[in-house]
Amino acid sequence: MSKTEAPDTSKAEASGAGRSESPEEQNDLGAAGSQLSTAPVERAMPGSFGGKRAPGAVGWLVWSGREVVGWVRWMWRQLTSMRVALLLLLLLSLGAIPGSLIPQTSIDELKVQDFKKAHTTLGPLYEKLQLFDVYSSVWFSAIYILLFISLIGCIVPRTWQFVGQLRGRPPGAPKRLDRLPAYTTWRTEAEPDEVHEAALGLFKGRRFRADLTAGKGGAGASVAAEKGYLREAGNLFFHISLIVLLVAFAAGALFKSEGGKLVVQGDGFSNTLTQYDNFKSGSLFDTADLAPFSFKLDSFESSFERKGPEKGTARTYRANVSYSEGTDGKEKKQAIEVNKPLEVDGSKVYLIGQGYAPTVTVRDGKGKVVYKASVPLLPIDSNGTATGAVKVLDGYRDKNGKEEQLGFNAFFVPTFAGEGQGQMFSQFPALDYPVLALSAYHGSLGVDSGLPQNVYQLDTSKMDKFKDSKGELLKQRMRPGETMKLPNGAGSITFEKDIKRWATFQISQQPGSMWALVGAISAIVGLAGSLFIQRRRVWVRAVRGADGFTVVEMAGLGRSESAKLPEELGDLAAHLHEKAPSAPDQDHADSTPDVVPAEGAEK
């Protein structure tokens, strides 16, 4: 059996995968080279949209109307182009950078105030530019809305065009198949109908969409096959997923709620607005939408690395809680860990911090207990060193029977280094050698003024010091079980042996988080499809030659030039050649069609 006769193979090889057709060749391809993509055809902006202007005022009005409409259409085409959509997406990413670098009012208003005090020049400038409220600023919202419009304007017409392509059939072969990037030909004794039937079966077996089309313009009938529609589907899927992401982020920003709560061991929390230590929400959030649930902190477990370079690193970090859904739900148990939140009715409860709450008992001069509580203290280092304040608001009277308020500055270390071992800072975060240092004041705590006050700080501006025998501020370091006596029979304060733990929780409702995750995963899948799937068309034409043999031509065309197209065409031609072998009177004995893969094609 002789080798395939390919008079135009050298030409096809020379053109290769990187060959670009001339305008004449493109016109010659006709419908065969069209609609390989759903991208709109670029239209150059004409010199005048209105055309020639008729004389007179009416002519001027008509011309002006056509001009305005033309400019509006041109601007709409620019806005809905994929180029502008990508540019807006880049601008949105750049616009989000200040939101992560500059304190935001919606997240921490105190940090914003501190920034303004520390930067007297930049502060007013940032405020005018709305950099303290980036995500609700006019300019960020404008980019967001324009991107949304641009994506929709891109996707809708491309989707309808793609649906039309799916409903259509592959276009017929161009008159000159040898002009295509991948091409081969041979002569066979098989009838043209037999070749076409074999080609149809081959293409359908390879999951091509194939159809037998009649010849046009003097060309014979041919089999047209097309594959790779998922490339355009992936492209559209990617951009639809971006819209889903934008909608999810918008819903999350408008309807979200987020608050924090510090809970001492043995205490609980009910999901109502008054129970939060701090709370913020989206502009469309209704507090009536807070999920009805409650929980109680039963215990807090923690363990730490005791040796090596990671000494003090937490190994166990777990809050054991009892929770119930609704007002009369059955109580359930669960452990909340970092990145393992409690999920209740669309709300998530995250564990974000922990510390110690020493229990203290305050007695008046007559020995009456006027205050007993576990006071949470805020850690200031990784080893658990903590500070805070003990405030006795009501119930205390001095030796003369006068009502007073007491205040104690507190400094706590879970592991004390010992006397003469440097400053009073903890050496380890576990309760190995706890020590509580207190300094005492009496007078007015200032809570009756109506102004908000930090519960962890003591305002001593209206208070007097309790003084020791040397006339200095009364202060003492205490171990669990020890008592500090107040002078002149004013009472005492005892550091109890019961040291409780506390934990801080963040309770969040993010209605768009699941859709955002779905959109992100879908965008990755769509992008992968648009990058790695190749849209291509293959034609087979078999016509009776002047010498009585059937001349078989095969050619392929891809949306983007690829070295795999000639390789795939060669594989298809080899299988078709088995069913329509070369005529026996040819000069060579090789039964493989002469299809030369482009340089760099995979073997």
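Residue numbers start at 1 and run along the sequence shown.
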Trainee: Please confirm whether the backbone N or O of Thr188 pairs with a side-chain atom of Ser582, one donor and one acceptor, at under 3.5 Å?
Mentor: no
Trainee: Who are the side-chain hydrogen bond (donor to acceptor under 3.5 Å, both in side chains) partners of Asp211, not counting sequence neighbours?
Mentor: none
Trainee: Would you indicate whether the side-chain heavy atoms of Ile352 and Phe505 approach each other to under 4.5 Å?
Mentor: no
Trainee: Can any side-chain N or O of Tyr317 pair as donor or acceptor with the backbone N or O of Leu351 at less than 3.5 Å?
Mentor: no
Trainee: Using a 4.5 Å cut-off on heavy atoms from C-beta on, say whether the side chain of Pro171 contacts that of Arg537.
Mentor: yes
Trainee: In the structure I gave you, are the side-chain heavy atoms of Val68 and Trp71 within less than 4.5 Å of one another anywhere?
Mentor: no
Trainee: When you compare the side chains of Gln104 and Tyr135, does any donor N or O come within less than 3.5 Å of an acceptor on the partner?
Mentor: no
Trainee: Please work out which of the three classes, parallel, tilted or perpendicular, describes the rings of Phe115 and Phe132, given edges at 30° and 60°.
Mentor: perpendicular
Trainee: Taking all non-hydrogen atoms of both residues into account, name the closest pair between Val244 and Gly519 and its distance.
Mentor: CG1-CA, 4.1 Å
Trainee: Is it true that Glu258 and Lys348 make a salt bridge, defined as a side-chain N closer than 4.0 Å to a carboxylate O?
Mentor: no
Trainee: Please assess Arg206 against Asp571 for the test salt bridge (charged side-chain N to carboxylate O under 4.0 Å, His left out), listing each intermediate value before the final yes or no.
Mentor: CA-CA 11 Å; Arg206 296 290 185 91; Asp571 180 60; 2.9 Å; yes
Trainee: State, without any angle test, whether Thr213 and Ser222 hold a side-chain donor-acceptor pair at a distance under 3.5 Å.
Mentor: yes
Trainee: When you measure from the centre of the six-membered ring of Phe549, is the NZ or CZ of Arg544 under 6.0 Å away and within 45° of the axis?
Mentor: no
Trainee: Would you mind reporting whether Thr185 and Asp178 have side-chain heavy atoms less than 4.5 Å apart?
Mentor: no
Trainee: Decide yes or no for Cys154 and His239: does some side-chain heavy atom of the first lie under 4.5 Å from some side-chain heavy atom of the second?
Mentor: no
Trainee: Shortest non-hydrogen contact from Ser141 to Ser137?
Mentor: OG-O, 2.8 Å
Trainee: Is a salt bridge present between Glu194 and Lys579, judged by a nitrogen-to-oxygen distance below 4.0 Å?
Mentor: no
Trainee: Who are the salt bridge (Lys or Arg N to Asp or Glu O under 4.0 Å) partners of Lys332, not counting sequence neighbours?
Mentor: Glu325
Trainee: Is there a side-chain contact between Gln509 and Lys256, using heavy atoms and a 4.5 Å cut-off?
Mentor: no
Trainee: Might you point out which heavy atoms bring Tyr350 and Ile336 nearest each other, and give the distance in Å?
Mentor: C-CG2, 4.5 Å
Trainee: Find the distance between CZ (Phe203) and CG (Leu576) and round it off to the nearest 0.5 Å.
Mentor: 7.0 Å
Trainee: Are there over 12 heavy-atom neighbours, none belonging to Glu197, within less than 6.0 Å of that residue's CD?
Mentor: no
Trainee: Shortest non-hydrogen contact from Pro511 to Phe255?
Mentor: CG-CB, 3.6 Å
Trainee: Would you check if Leu527 and Phe237 make a side-chain contact, meaning some heavy-atom pair closer than 4.5 Å?
Mentor: no
Trainee: Testing the basics here: between Leu180 and Pro174, what is the closest heavy-atom pair and its distance to 0.1 Å?
Mentor: CD1-CG, 4.4 Å
Trainee: If you look at every heavy atom in Ala85 and Leu151, which pair is closest and at what distance?
Mentor: CB-CD2, 4.2 Å
Trainee: Can you confirm whether the side chains of Ser508 and Gln510 place a donor and an acceptor under 3.5 Å from each other?
Mentor: no
Trainee: Is it true that Glu226 and Arg209 have a side-chain N and a carboxylate O under 4.0 angstrom from each other?
Mentor: no
Trainee: Do Ser150 and Leu146 come within less than 4.5 Å of each other through their side chains, counting heavy atoms only?
Mentor: no
